[in-house]
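Everything on this sheet refers to the single structure shown next.
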Amino acid sequence: MNARSLRFRAVDFLYLCMMILPLVAAMALKVCFSVSGDGVQIAGAQIYFTVPMPLMDMPLTEAQTNSWMVILSVWGLCLYMTHGLKVRADTKRQHLAEWCVTMCKKLVNENMGGFFAGYTPFIGAIMAISLFSSLLSLLGLFAPTSDLNVVAGWAILVFALITAAKCRCGPLLYMKSFCEPIPVMLPMNIISELATPISMAFRHYGNVMSGAVISVLVSSALTSLSRMLLGWLPGVLGDIPFLRVGIPAVLSIYFDVFSGCLQAFIFAMLTMLYVSGGFPMEEYQRRKADGKHSAKKAVRETV
Amino acid sequence: MELALGIILGCCALGAGIAMIAGIGPGIGEGNAVAKACEAIGRQPEAKGQVTSTMIMGCAIAETTGLYALVIAILLIFVAPSSFAGVLRDAIK
């Protein structure tokens with residue numbers, strides 16, 4: 001092993017702090033602002049502050065702050081993984097970082113084709129933030145993806161991207177695509193266009209949210225069941241919900257870990273499919289060929 | 001007032017339950033999709049990865065209608081009663 005310099009280690013430590021401190025800050029915020037209860041409550045995101053704005057007061061909720069913390073944390077993770085890169089990979093973290101990048105490239109290449117390779121960073125970023133936002137519930141924090149507003153923001157972003165891809169050959173062709181195959185289908189096409197972001201947002205939000213609701217319901221049911229069955233135990237023992245140990249954890253593996261990973265993958269996959277499907281490839285290539293042809297002709301004529 | 005509130009709460013709960021009947025559709029659809037995927041993998045084991053990822057995509061899209069129903073049910077249970085009660089209180093005033 002090569003001895004690393006003190007400076008390298010110090011920067012490493014700084015990046016690790018950047019990774020962990022936002023999560024600690026999110027926990028501290030939650031502890032400071034949460035109202036005391038019996039621990040079982042189904043409610044939306046808690047409102048931390050309300051910022052006065054000209055038109056409407058803007059509430060700053062748990063979901064927003066947590067998603068910012070996730071962004072900071074993922075930034076720290078990226079800096080940590082790419083710190084001290086070498087041409088020949090000899091550290092674990094470089095191997096891991098290279099594996100992630102290669103997987104993203106492969107995914108985009110398989111599903112969109114080589115032409116869309118420029119979308120790789122966006123797809124990787126949206127996958128990472130969705131994954132880590134969903135996994136945030138493992139720390140006992142409110143997962144930003146179980147708030148519709150956060151996911152709707154991503155869906156609107158993706159919708160803008162899809163529309164930009166469709167407008168690549170001019171807005172006229174984009175408008176014409178609504179009148180296909182026959183002009184009577186115009187309202188239907190507009191509705192299906194608008195349904196894309198709504199269904200993307202609802203899919204992600206509904207899956208994560210339903211998992212959270214079911215987990216809370218099951219654990220509260222287990223609490224009351226254990227109070228009923230084991231309430232005769234003397235002293236403090238009667239108050240501890242023994243049946244709540246273990247069973248909600250198994251549910252959490254499915255709802256938090258598996259479902260979170262799957263939804264991140266599906267969100268990224270649908271983005272790729274919609275963008276590459278909406279792009280008018282034939283027209284674009286035809287125009288490009290025409291353009292090259294005419295350009296060559298012009299060059300020949302001038303020569 | 002109490003009667004009206006009771007009717008509001010009961011109807012919200014009933015509506016949420018009825019909305020979740022929509023869960024039947026995605027259940028049948030996803031079952032069909034998985035069955036066909038199993039058949040396809042049995043016929044062509046070498047295409048397992050591609051079949052699985054396509055199946056998961058299809059399941060996610062088929063799930064959407066069920067999730068719409070779920071969102072409606074959650075709104076009816078957690079959001080609608082308080083807002084309807086507010087409307088009722090305003091009307092009585």
Side-chain angles (χ1 to χ4, degrees), chain A residues 40-45 103 106-112 127 130 145-149 151-152 155 191-192 194-217 255 258-274 276-277, chain B residues 9 12-34 37-38 40-41 44 46-86:
Chain A
V40 174
Q41 49 185 356
I42 303 168
M103 283 304 282
K106 217 176 103 189
L107 200 68
V108 171
N109 215 10
E110 271 176 13
N111 291 303
M112 295 173 91
M127 219 192 238
S130 165
T145 38
S146 57
D147 190 320
L148 183 56
N149 302 314
V151 191
I191 289 173
S192 75
L194 289 178
T196 308
I198 294 175
S199 79
M200 277 180 92
F202 273 9
R203 182 177 301 121
H204 201 312
Y205 153 76
N207 269 295
V208 179
M209 170 76 182
S210 65
V213 168
I214 291 170
S215 303
V216 170
L217 283 180
F255 284 124
F258 178 71
S259 187
C261 295
L262 195 65
Q263 288 311 312
F265 176 71
I266 285 169
F267 197 87
M269 199 83 173
L270 282 177
T271 308
M272 288 190 281
L273 290 184
Y274 281 133
S276 63
Chain B
L9 287 178
C12 282
L14 267 181
I18 293 169
M20 284 318 289
I21 293 176
I24 295 172
I28 295 173
E30 284 182 24
N32 270 339
V34 176
C38 286
I41 292 173
Q44 269 183 307
E46 69 274 7
K48 189 183 171 195
Q50 218 166 1
V51 170
T52 311
S53 65
T54 312
M55 182 199 76
I56 287 176
M57 284 301 303
C59 281
I61 290 174
E63 226 173 38
T64 313
T65 47
L67 285 170
Y68 287 158
L70 178 79
V71 170
I72 298 287
I74 285 175
L75 285 179
L76 273 176
I77 291 177
F78 295 115
V79 182
S82 54
S83 68
F84 285 161

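In what follows, every chain begins at residue 1, and chains take the letters A, B, ... in the order their sequences are listed.
Atom OH in A:Tyr205 sits 8.0 Å away from atom CG in B:Leu70 (nearest 0.5 Å). For the atom pair OG1 of B:Thr54 and CE of A:Met269, the computed distance is 7.0 Å after rounding to the nearest 0.5 Å. Remark: A:Asn111 CG to B:Ser53 OG distance equals 7.0 Å, nearest 0.5 Å.
If you measure heavy-atom distances from A:Leu148 to chain B, you find no contacts under 4.5 Å at all. Residue B:Ile61 touches chain A through both its backbone and its side chain, counting heavy-atom pairs closer than 4.5 Å.
Every pair passing side-chain hydrogen bond (donor to acceptor under 3.5 Å, both in side chains) that includes a residue from residues 63-78 of chain B is listed here, sequence neighbours excluded: A:Arg203-B:Thr64, A:Asn207-B:Glu63.
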